[in-house]
2 protein chains.
Amino acid sequence: MRQRNEKAILRAATTLFAKKGFDGTRATEIAERAGLPKANLYYYFNTKEEIYRAAIRHLIAGWDKALRHIRADADPFEALEAYVREKLDYARKNADESRMFANEIISGAPFLSRADRKHMHDITLEKTLIIEQWVAEGRMRPVNPRHLFIVLWSTTQFYTNFEKITCDTLEKPRLSPSDYEDAARTIVETVLRGLRPGKASSDP
Amino acid sequence: MRQRNEKAILRAATTLFAKKGFDGTRATEIAERAGLPKANLYYYFNTKEEIYRAAIRHLIAGWDKALRHIRADADPFEALEAYVREKLDYARKNADESRMFANEIISGAPFLSRADRKHMHDITLEKTLIIEQWVAEGRMRPVNPRHLFIVLWSTTQFYTNFEKITCDTLEKPRLSPSDYEDAARTIVETVLRGLRPGKASSDP
DNA sequence: GTCTATATTCCGATAGAC
DNA sequence: GTCTATCGGAATATAGAC
């Protein structure tokens with residue numbers, strides 16, 4: 001029961017925080033959306049901030065799941081494609097979480113703890129070393145691995161976070177799985193293809 | 001005088017709307033940041049919404065500037081690189097506008113008029129036809145031009161909109177012009193390079 | 001654990017003196 | 001045009017009955 005209500009509150013809160021940020025979201029709205037009287041929010045959580053932080057914690061936990069594909073002994077392009085597909089899939093299936101995270105970062109990451117940021121940084125750093133190794137082995141064209149990850153994050157999150165613009169551009173009322181398939185194909189055939197080692201590795 | 005104050009209000013408002021969205025931004029904050037008593041806001045604008053809409057209007061006006069590089073008679077890769085560089089440059093130099101736009105879209109674009117969205121759509125559509133023509137002429141690999149634009153928007157805006165994550169990833173306290181140069185190079189050498197027609201146009 | 005009623009603070013907007 | 005003072009309503013959080 002406690003678990004059920006806490007989950008309902010966090011789900012409702014995530015949707016609203018995603019749309020309107022921390023200051024823009026009203027406790028009353030969260031309660032309404034969760035189907036509870038407002039006072040019950042304050043039974044389960046002491047403050048609105050506590051709800052926000054609980055939601056953030058949940059989404060930081062999922063940050064690095066897709067990165068497990070990046071292993072030194074894997075084929076670089078299979079690994080990167082799997083990473084791209086899983087990131088796209090995660091964003092699609094957890095749209096509100098993805099948007100809430102985006103909102104938090106645009107707002108200047110006021111609720112991300114030093115530890116959270118260090119965690120994300122350390123995991124990323126570990127994977128950049130693998131990319132560098134692949135480059136050194138000639139299995140990939142030279143690329144700044146940190147910028148590569150930034151490009152992959154931006155492209156895989158855009159479809160979900162900026163869905164309104166994506167829908168307008170694709171002339172669809174909302175995005176279907178096949179649109180995400182097109183997205184995956186485009187990212188693979190542009191971003192990743194550009195990194196395949198060619199015959200002449202220094203042509204312009 | 002009127003012009004000077006209106007500009008100060010819009011500048012302050014854009015910064016705050018970028019960070020906290022419409023509901024999250026307080027009229028008092030806008031006034032403080034603009035260096036005016038709150039009542040003066042209501043002398044120049046009737047409501048907070050009017051301030052928000054004025055700021056949105058300003059940023060819609062700059063949406064399509066960089067797209068002028070995409071002309072049918074241009075070299076596809078020179079044109080696309082110029083587009084990427086100008087988009088990155090615009091985002092860097094107008095960071096708050098760029099973030100406010102991102103915030104508005106994530107929030108579900110509640111203040112974007114049908115006309116604004118149609119404008120953005122029409123301009124984009126016009127340019128997708130040019131990309132299709134380049135593909136048909138064999139000057140570029142086959143690509144879905146709508147998805148290509150989405151990939152270019154996402155990558156060029158990410159650095160500015162999600163600056164906090166970018167800084168953590170690059171281990172810099174803030175982004176310098178040379179970081180933006182690295183960004184441009186990465187986008188050109190990954191996204192755009194993947195679209196160059198190769199000897200074998202169907203290898204995996 | 002649940003919910004109504006309320007305390008207290010804060011916000012958007014305005015009145016009206018200068 | 002500028003600014004102080006303030007109104008009415010709304011927001012966060014709590015008290016306390018059930």
Side-chain angles (χ1 to χ4, degrees), chain A residues 1-58 96 99-100 103-104 106-108 110-113, chain B residues 1-58 96 100 103-104 106-113:
Chain A
M1 190 70 201
R2 165 170 280 270
Q3 221 167 7
R4 242 175 58 100
N5 280 340
E6 278 182 4
K7 198 165 179 178
I9 292 168
L10 286 175
R11 266 182 65 90
T14 303
T15 304
L16 289 162
F17 287 139
K19 245 192 181 145
K20 320 217 262 173
F22 179 75
D23 290 332
T25 299
R26 308 291 153 210
T28 313
E29 294 177 294
I30 299 176
E32 274 171 18
R33 183 173 267 266
L36 294 168
K38 186 178 54 162
N40 290 30
L41 257 58
Y42 289 95
Y43 173 72
Y44 291 107
F45 298 90
N46 287 314
T47 60
K48 186 171 84 167
E49 180 171 335
E50 208 171 274
I51 301 177
Y52 191 90
R53 288 189 184 278
I56 285 277
R57 206 175 313 128
H58 192 255
D96 286 331
R99 289 190 200 112
M100 177 174 166
N103 206 319
E104 165 71 9
I106 291 182
S107 303
F111 293 99
L112 274 193
S113 69
Chain B
M1 191 69 200
R2 163 170 282 270
Q3 221 168 7
R4 241 175 58 100
N5 280 339
E6 279 182 4
K7 199 166 180 178
I9 292 168
L10 286 176
R11 265 183 65 89
T14 303
T15 304
L16 290 162
F17 287 139
K19 249 195 177 142
K20 320 218 261 173
F22 179 75
D23 290 332
T25 299
R26 308 292 152 212
T28 313
E29 295 177 293
I30 300 176
E32 273 171 19
R33 183 174 267 267
L36 295 167
K38 185 177 59 161
N40 289 31
L41 256 60
Y42 290 94
Y43 173 74
Y44 291 107
F45 298 91
N46 288 314
T47 61
K48 188 171 82 166
E49 181 171 335
E50 208 171 275
I51 301 177
Y52 191 90
R53 288 190 184 279
I56 285 277
R57 205 175 313 127
H58 191 255
D96 286 331
M100 177 176 167
N103 207 320
E104 165 71 9
I106 290 182
S107 302
F111 293 99
L112 275 193
S113 68

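Every chain is numbered from 1 and lettered A, B, ... according to where its sequence line falls, protein lines coming before strand lines.
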Under a 4.5 Å cut-off applied to non-hydrogen side-chain atoms, are B:Ile56 and B:Phe22 in contact?
no
Any donor-acceptor pair under 3.5 Å from B:Thr14 side chain to B:Asp96 backbone:
no
Is there a side-chain contact between B:Asp23 and A:Asp23 in this structure, where contact means two heavy atoms from C-beta onward sitting under 4.5 Å apart?
no
Rounded to the nearest angstrom, tell me the gap between atom CZ in B:Phe45 and atom P in D:dT2.
13 Å
Which whole-number value in Å describes the distance from B:Glu50 CD to C:dA13 C1'?
13 Å
Taking atom P of C:dC10 as reference, at what distance in whole Å does atom NZ of B:Lys48 sit?
16 Å
Let me know the distance between CG of A:Asn46 and C1' of D:dT12, rounded to the nearest Å.
13 Å
Set of side chain to side chain donor-acceptor pair (under 3.5 Å) partners for A:Tyr44, sequence neighbours left out:
A:Asn5
Who are the salt bridge (charged side-chain N to carboxylate O under 4.0 Å, His left out) partners of B:Arg4, not counting sequence neighbours?
none
Tell me the interatomic distance from A:Glu49, atom CD, to D:dT12, atom P, rounded to whole angstroms.
13 Å
Under the salt bridge (charged side-chain N to carboxylate O under 4.0 Å, His left out) rule, what pairs show up with a residue in residues 30-50 of chain A, not counting sequence neighbours?
A:Glu49-A:Arg53
Sequence neighbours left out, what passes side chain to side chain donor-acceptor pair (under 3.5 Å) with A:Tyr52? Give chain and number order.
A:Glu104
Listed in order of residue number, which residues of residues 37-44 of chain B have a non-hydrogen atom at under 4.0 Å from DNA chain D?
B:Pro37, B:Ala39, B:Asn40, B:Tyr43, B:Tyr44
Residues from residues 6-33 of chain B sitting under 4.0 Å of DNA chain C, heavy atoms only?
B:Thr25, B:Arg26, B:Ala27, B:Thr28
pair A:Tyr43-A:Arg2: side-chain heavy atoms closer than 4.5 Å
yes
Of the nucleotides C:dT2, C:dA13, C:dG1, which has the atom closest to the A:Met1 side chain?
C:dT2
